[in-house]
Amino acid sequence: MVECLTSVWARHGRLTSEVTYTESHRNMPRYGATDTGQALPRRCGRDCNLAAMEIREVAVVGLGTMGAGIAEVFARAGIGVVALEIDAAALNRGVGILDASLSRAVTKGRLTAAEQAQIRSRVRPAAGFSEAAAVDLAIEVVPERMEIKREIFAELDRVCSPDAILATNTSSLSVTAIAAESKYPGRVVGMHFFNPAPVMRLVEVVSTVLTTDGVAATVSDLARRLGKTPVQVSDRAGFIANALLLPYLNHALHLLATGYASRADIDLAATVGIGLPMGPLALLDLIGLDTALSIMEVMHGEFGLPRYMATPLLRRLADAGRTGRKAGRGIYDYGDSSASDNHDQGGNALVSAAPDTVTLIGAGDDVEAELASAMASAGINVTRNAAHPTDLIVIAAEAGRPVLPAALAAGRPEQAVGLHLAGKLAPGSLAEVVQTSLSSADAVEAGTALAAKLGLATVRAPDRPGFLAGTLLYAHLADAVRMCQDGYAGPTDVDTAMKLGCGYPRGPFELIDAAGAASVLTGLEAMHEAYGYPEFAPPPLLAEHAAAGIAFAASPRPGR
Ligand code: CAA
């Protein structure tokens with residue numbers, strides 16, 4: 001690939017490009033880091049232009065799914081785009097993605113044909129880097145391999161004016177390392193979009209210790225012009241959104257690989273149970289398993305913690321070329337919607353009818369009362385007497401408390417399952433059918449049928465702390481608190497990033513505040529005690545909020 005790029009540049013770029021900067025520019029002193037490497041204010045003549053500049057034309061280098069989406073976003077905002085690709089075939093493919101997206105918008109009535117033509121006319125497919133000589137900003141959107149990025153930045157350095165900002169859309173590689181090799185490191189920033197770029201509203205604007213003052217502000221203004229919301233961060237692997245999202249997705253894949261839950265149940269627990277727009281496994285397929293793997297590897301290299309270690313199945317699927325939607329097959333199969341591979345909901349398909357009589361055991365709380373009344377309304381006879389012969393024992397399960405002791409106490413553990421409501425009992429809301437190591441297959445079937453009769457969406461989960469939705473969520477929330485505790489980002493920026501970058505209806509801190517820090521703490525403590533994994537250890541900042549009984553939104557000092 002690199003050889004190929006190099007030869008393309010030799011043909012179209014290096015040989016034909018006019019170097020546009022003057023000798024005086026070339027002799028300018030390097031600016032940026034001080035001896036101490038601290039991000040101190042930088043002073044220079046030319047850099048100051050970067051801060052105030054107006055962006056009229058950009059170059060987008062790399063027109064894959066993300067690059068084409070980013071080119072579309074610029075063109076829609078009235079900004080001219082010079083589109084660059086590795087060769088003519090790739091350029092045609094990339095322009096094809098852009099055309100398909102615009103045509104879809106016209107079909108859906110969101111664009112007129114005239115607007116489509118106008119937007120399209122702003123995108124100029126280019127034969128070589130020399131055509132990017134006059135752009136105000138160039139953004140690189142190529143695969144996550146440092147050697148390719150280096151070559152591209154060397155070309156951009158060579159052809160672009162020193163006044164131009166050079167941006168990378170890298171998800172996780174070091175922006176600082178890219179900047180350090182540039183002739184003008186002060187103008188290099190991260191401008192990180194989210195997939196699908198035309199839809200997701202977040203742009204992470206990443207400054208390094210070398211970035212000239214004001215450049216991040218200029219790029220943030222540009223992001224606003226594009227209709228996006230910028231969040232400014234410093235250069236750390238994964239920035240905000242990927243550093244939180246990817247470990248959660250990886251954890252979900254680990255649960256699948258270890259047989260903790262089925263593929264369909266994992267995705268249902270996240271969408272119906274937590275309210276996220278996509279399940280983690282479907283989202284991995286959207287992002288690309290190869291991309292997810294490289295982000296995990298970079299984060300593991302940077303932080304060294306087990307939470308960032310790619311689960312072996314992620315590596316195997318990427319090795320196998322099952323990289324997700326773009327390959328037609330990843331965790332799901334996209335080529336053939338009827339493929340047997342896509343039908344693992346069979347585990348929850350109802351083969352038995354809901355039981356007529358049920359023994360309900362609970363803590364005498366609202367949940368138990370709610371379940372009893374819902375069952376009675378559904379025509380099911382409910383008794384609280386375990387000795388009474390019934391078809392099924394249902395234990396109203398609570399997060400953080402195992403079901404098995406109650407099942408044993410009832411004397412018929414093989415006929416007992418837990419039923420855990422992830423939220424309020426309402427039609428379509430999620431019930432986790434909790435199977436202990438003694439629950440019979442018939443009892444699990446009957447429990448699932450019962451939940452379905454109550455109008456609930458069901459998933460099956462083992463009798464482990466957090467069951468399914470909580471297991472996914474608590475560890476994810478702990479990561480968010482740790483990020484804040486580390487002083488990398490505050491709760492508001494974290495919530496904004498996850499809402500606008502990943503479509504969360506509520507950010508992690510809003511979720512913690514809604515559930516109560518104490519309840520998240522209890523869930524994490526149970527997980528940590530059961531598994532002993534350091535990533536489940538509750539962060540002190542969470543424990544402090546729980547002890548003080550204070551919401552993150554109300555905290556005078558939300559991070560330290
Ligand atoms: N390109 C352009 N537009 C798209 C699109 C695409 N690929 N996919 C969906 N859309 C548009 C649709 O046209 C639709 O717009 P209209 O309502 O105007 O017609 C809108 O988005 C909603 O789409 P749908 O109704 O088809 O589907 P949905 O409601 O399920 O939403 C979704 C789809 C926006 C992708 C939503 O599921 C979502 O927000 N998912 C989370 C995505 C996410 O987390 N992205 C971040 C991944 S991490 C990343 O990208 C960073 C990285 O470095 C790896």
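Both ligands and their constituent atoms are indexed starting at 1 by order of listing. Only a predicted model underlies this, so the values are computations on that prediction, with no experimental measurement involved.
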- [ ] Have a look at Ala282, Pro277, Ala68 and point out the one with the heavy atom closest to atom 38 (C) of ligand 1.
- [x] Pro277
TODO: Report yes or no: do Asn250 and Thr311 form a side-chain donor-acceptor pair below 3.5 Å?
DONE: no
Open item on the list: Closer than 4.0 Å to some heavy atom of Leu283 - which atoms of ligand 1 meet that?
Closed with: 42 (C), 43 (C), 44 (O)
Open item on the list: Can you check which of Pro196, Gly238, Ala105, Gly279 brings a heavy atom nearest to atom 35 (C) of ligand 1?
Closed with: Pro196
Task: Contact check, side chains of Asp495 and Pro508, non-hydrogen atoms, under 4.5 Å - done: yes
TODO: From atom 2 (C) of ligand 1, work out which of Met200, Glu72, Glu144, Arg104 has a heavy atom at the shortest distance.
DONE: Arg104
Task: Residue Leu245 vicinity, atoms of ligand 1 by number, heavy atom under 4.0 Å - done: 48 (S)
Open item on the list: Quick test: of every protein heavy atom, which one is nearest to atom 50 (O) of ligand 1, and how far off is it to 0.1 Å?
Closed with: Asn195 N, 2.8 Å
Task: Is_contact(atom 20 (C) of ligand 1), protein non-hydrogen, under 4.0 Å - done: no
Open item on the list: Quick test of your reading of the model: are Asp87 and Arg93 salt-bridged, counting only N-O distances below 4.0 Å?
Closed with: no
Open item on the list: Within ligand 1, which atoms have a heavy atom of Ser171 less than 4.0 Å away?
Closed with: 52 (C), 53 (O)
Task: Under-4.0 Å heavy-atom contact between protein and atom 23 (O) of ligand 1 - done: no
Open item on the list: Give me the residue, atom name and distance of the protein heavy atom closest to atom 54 (C) of ligand 1.
Closed with: Ile287 CG2, 3.5 Å
TODO: Give a yes or no on whether Arg120 atom CZ has more than 12 heavy-atom contacts from other residues, nucleotides or ligands under 6.0 Å away.
DONE: yes
Open item on the list: Distance alone, cut at 3.5 Å: any donor-acceptor contact between the side chains of Asn242 and Ser172?
Closed with: no
Open item on the list: Taking CZ in Arg122 as the centre, count heavy atoms belonging to other residues, nucleotides or ligands within less than 6.0 Å. Is the count above 12?
Closed with: yes
- [ ] Look at Lys149 together with Glu181 and state whether they make a salt bridge at an N to O cut-off of under 4.0 Å.
- [x] no
- [ ] Could you check atom 12 (C) of ligand 1 against the protein and tell me its nearest heavy-atom contact, residue, atom and distance included?
- [x] Lys108 NZ, 4.1 Å
TODO: Verify salt bridge (Lys or Arg N to Asp or Glu O under 4.0 Å) between Glu535 and Arg482, making sure each step is shown before the conclusion.
DONE: CA-CA 10 Å; Glu535 56 265 42; Arg482 236 173 262 119; over 6 Å; no
- [ ] Verify the contact flag for atom 29 (O) of ligand 1, where contact means a protein heavy atom under 4.0 Å away.
- [x] no
TODO: Return the residue, atom name and 0.1 Å-rounded distance of the protein heavy atom closest to atom 3 (N) of ligand 1.
DONE: Val199 CG2, 3.3 Å
- [ ] State, with a plain yes or no, whether a side-chain heavy atom of Ile139 is found less than 4.5 Å away from one of Phe74.
- [x] yes
TODO: Just need the protein heavy atom nearest to atom 16 (P) of ligand 1, so name the residue and atom and give the distance.
DONE: Arg110 NE, 3.4 Å
Open item on the list: Just to be sure I'm reading this right: ignoring hydrogens, which of Ala197, Cys502, Gly109, Gly503 gets closest to atom 41 (C) of ligand 1? Compare them by their nearest heavy atoms.
Closed with: Cys502
Open item on the list: Within the protein, is there a heavy atom lying under 4.0 Å from atom 46 (C) of ligand 1?
Closed with: yes
TODO: Could you tell me the residue and atom name of the protein heavy atom closest to atom 49 (C) of ligand 1, and the distance to it rounded to 0.1 Å?
DONE: Phe194 CD2, 3.5 Å
- [ ] Among all protein heavy atoms, pick out the one at the shortest distance from atom 40 (N) of ligand 1; state its residue, atom name and that distance to 0.1 Å.
- [x] Met278 SD, 3.3 Å
Task: Check against side chain to side chain contact (heavy atoms under 4.5 Å, CB included), Ile295 and Ser171 - done: CA-CA 7 Å; Ile295 298 171; Ser171 310; 3.6 Å; yes
Open item on the list: On a heavy-atom basis, which atom in Gly186 and which in Val215 lie closest, and how many Å separate them?
Closed with: O-CG2, 3.7 Å
